[in-house]
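Below is one structure, written out as C-alpha cells; the observations come after it.
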Amino acid sequence: MEWMLAASVGVVASCGVYLLLRRRSMSVVFGLALLSYATNLVLFSMGRLTVGAPPILGPEGESAVYADPLPQALVLTAIVIGFAMTAFVVVVALIAHRSLGDDDVDAPVAQEGEP
C-alpha cells in the first residue's frame with residue numbers, strides 16, 4: 001500500500017513540475033496547485049492513518065493505538081491556505097491576461113509609445 005501512495009505522490013508532483021515549466025500562466029497556476037496537493041498527500045501519509053482509533057489518549061493512556069491529529073490539522077490548514085493563494089493567483093493571471101492580451105509569460109510587453 002505504501003508503494004501505491006508513494007507512486008501517486010510522485011505522479012502528482014511530476015505533473016505539477018511539468019505544468020510549472022510551461023509558458024502559459026494558467027498552466028503555472030495549475031502546476032502550483034498540483035504541487036500543493038502532492039505536499040498535502042505527503043503530510044497526510046506521515047500521520048499513519050488509523051481507522052477507528054481515538055484521536056486522544058484516555059485518562060490512563062490505555063489505548064496503545066491512537067490517531068495523530070497533528071498531520072490532519074496541518075493538511076486542513078494547508079488546503080485552506082492553498083485555496084486562497086490559488087484564487088489570488090488566478091485573479092492576478094486574469095488581470096494580466098486582460099491587460100496584456102496574452103497569458104504567455106515570455107511575451108514582450110509593449111511600451112507606451114509603441115503600437
Could you give the distance from [atom1] ([X]) to [atom2] ([Y]), rounded to the nearest 0.5 Å?
X: His97; Y: Ser99; atom1: NE2; atom2: OG; value: 9.5 Å
X: Leu70; Y: Leu43; atom1: CG; atom2: CG; value: 9.5 Å
X: Leu100; Y: Ile95; atom1: CG; atom2: CD1; value: 11.5 Å

Are [Y] and [X] connected in a single hydrophobic cluster, I mean Ile/Leu/Val/Met/Phe/Trp/Tyr linked by side-chain heavy atoms less than 4.5 Å apart?
X: Ile79; Y: Phe44; value: yes
X: Leu19; Y: Phe88; value: yes
X: Leu94; Y: Val89; value: yes
X: Val42; Y: Ile81; value: no

Exercise for the section: May I ask you to list the residues sharing a hydrophobic cluster with Leu76, side-chain cutoff 4.5 Å, ordered by chain and number? Expected result: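 Its cluster partners, ordered by chain and number, are none at all.
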
Please set out all donor-acceptor pairs under 3.5 angstrom arising from side-chain atoms of residues 27-41, sequence neighbours excluded.
from: Ser36; atom 1: OG; to: Ala33; atom 2: O; distance (Å): 2.7
from: Thr39; atom 1: OG1; to: Leu35; atom 2: O; distance (Å): 2.9
from: Asn40; atom 1: ND2; to: Ser36; atom 2: O; distance (Å): 3.4

Problem - Arg22: side chain to side chain donor-acceptor pair (under 3.5 Å) partners, not counting sequence neighbours - result: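 Residues passing side chain to side chain donor-acceptor pair (under 3.5 Å) with Arg22: Tyr18.
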
